[in-house]
Every structure is written in C-alpha cells, then in structure tokens.
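Just the heavy atoms: all of them, side chains too, but no hydrogens, waters or symmetry mates, feed the values below. Because the structure is a prediction, the values reported are computed rather than measured.
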Amino acid sequence: MDTITQIMVEVLTILGIATKEMKQGRISKYLSMCTSPVTEECPEKYGKRLIGRTDMEDALKRLDNLTHEEARMAIAENLRATHAVDERVKEATEQVLAVDDRVAGVDVRLADVDDRLANVDDRVASVDDKVTEVVHGVCKSF
C-alpha cells in the first residue's frame, strides 16, 4: 500500500478511536472518583494504561513512523532529482568546453589569415611604391 494511503488510514483510525473515546465517558467518570495525587493530572490516561488500552498511543506512533518514512522518501526523491540535474549540468559543461575549443581553433585560423593579410599588405605597399616611382619617373620625363 502507498505510504500516503497508509497515513490516511492511520489518521482515520485515530479519528475513529477519538470518537469512540468521546462516546465512552465511563472511564473518566469512574477514574474521577478514585484518583491519587500522582494520577490527578491525567487520570484517564493512567487508567487506560492500567487496563492495557493503548490503542490511541499505538496509532499515533504508527502515524509518526509513517510520516517519517514519507519524509525520507521525499528526501530520496529530491536527491535523485538533484543528481539528474547534476548530470545535465555536466553534459552542458562538456558542450560548452567543446564550443570553447572550436572557438580557440577559429581564433588560431584567424590569426593565420591576419598574418597572410599583413604579407599581402606589405606586397601591395611595395607595388604601390614601385608604381609611384614609375609614375613620378614618367612624369619627370615629360
């Protein structure tokens, strides 16, 4: 049976016992006549223990155990969900690192292209200088 269902059964059992006890006012009436200073505070509780009736206490203990079990199950479920999220974060981290490596590779290739362009710029400047010399030489001869 599901833990929540068991908890509901215990709650209903406790309500049933409490209803039954309220209808049976006999023990309270009897014990009120013969109380001692020790049992004066809760004579009905001591009387029930003397005659062996601890059904309410037993039901409350079962309910307490069930609620603790439910809490442990909820904690275990949260832990499992946390581990699942942790795995997804690790996968995302690996993907980000892979993208970072690819970006670093593009960076290296761009640096290589930049170097090639610098060489082309130098050659163009050299050709430009030669063209300028030729144009100035031709212009001087005219």
Side-chain angles (χ1 to χ4, degrees), residues 1-140:
M1 192 181 323
D2 187 40
T3 305
I4 296 294
T5 306
Q6 290 175 335
I7 289 173
M8 291 306 298
V9 167
E10 286 302 322
V11 168
L12 291 173
T13 301
I14 290 168
L15 289 173
I17 293 169
T19 304
K20 181 179 167 184
E21 292 296 323
M22 288 171 42
K23 288 181 180 179
Q24 291 180 346
R26 295 176 288 183
I27 293 177
S28 296
K29 291 177 187 175
Y30 173 73
L31 291 175
S32 64
M33 291 184 273
C34 55
T35 59
S36 72
V38 174
T39 62
E40 196 171 290
E41 292 286 323
C42 304
E44 190 170 341
K45 182 178 179 181
Y46 290 107
K48 286 182 182 180
R49 283 195 180 162
L50 285 174
I51 59 173
R53 294 190 57 207
T54 60
D55 48 351
M56 179 64 91
E57 287 180 18
D58 294 341
L60 288 170
K61 285 178 186 176
R62 285 192 305 269
L63 179 62
D64 188 49
N65 289 336
L66 287 169
T67 54
H68 284 288
E69 180 183 339
E70 179 63 24
R72 284 190 299 270
M73 288 171 50
I75 290 169
E77 186 66 29
N78 285 339
L79 186 60
R80 187 169 53 116
T82 302
H83 282 297
V85 168
D86 186 43
E87 289 300 318
R88 290 185 191 135
V89 168
K90 286 179 183 176
E91 290 171 9
T93 301
E94 290 171 2
Q95 291 174 355
V96 167
L97 290 175
V99 168
D100 188 41
D101 290 343
R102 284 189 228 141
V103 168
V106 169
D107 235 5
V108 168
R109 283 184 261 165
L110 282 176
D112 187 39
V113 168
D114 194 32
D115 290 343
R116 288 182 191 165
L117 286 176
N119 288 337
V120 170
D121 279 345
D122 291 342
R123 287 186 203 151
V124 169
S126 162
V127 169
D128 191 38
D129 289 344
K130 288 180 184 175
V131 169
T132 305
E133 285 177 13
V134 169
V135 169
H136 284 294
V138 170
C139 288
K140 287 182 185 177

Under 3.5 Å donor-acceptor pairs involving side-chain atoms of residues 103-117, not counting sequence neighbours:
from	atom 1	to	atom 2	distance (Å)
D112	OD2	R116	NH2	3.1

With sequence neighbours excluded, what pairs up with [X] under the side chain to side chain donor-acceptor pair (under 3.5 Å) test?
X	result
R80	E77
H68	D64
R72	none

Do L66 and E69 have side chains that get closer than 4.5 Å, going by heavy atoms?
yes
[X]: partners by side chain to side chain contact (heavy atoms under 4.5 Å, CB included), with sequence neighbours left out:
X	answer
V120	V124
L60	I14, M56
N65	none
K90	D86, E87

When rounded to the nearest 0.5 angstrom, what is the spacing between [atom1] in [X] and [atom2] in [Y]?
X	Y	atom1	atom2	value
I75	T82	CD1	OG1	11.5 Å
L63	D58	CG	CG	12.5 Å
K20	D55	NZ	CG	6.0 Å
I4	E70	CD1	CD	3.5 Å

Which pairs with one or both residues in residues 93-106 pass side chain to side chain donor-acceptor pair (under 3.5 Å), sequence neighbours excluded?
none
Quick note, salt bridge (charged side-chain N to carboxylate O under 4.0 Å, His left out) partners involving residues 122-131, not counting sequence neighbours, are none
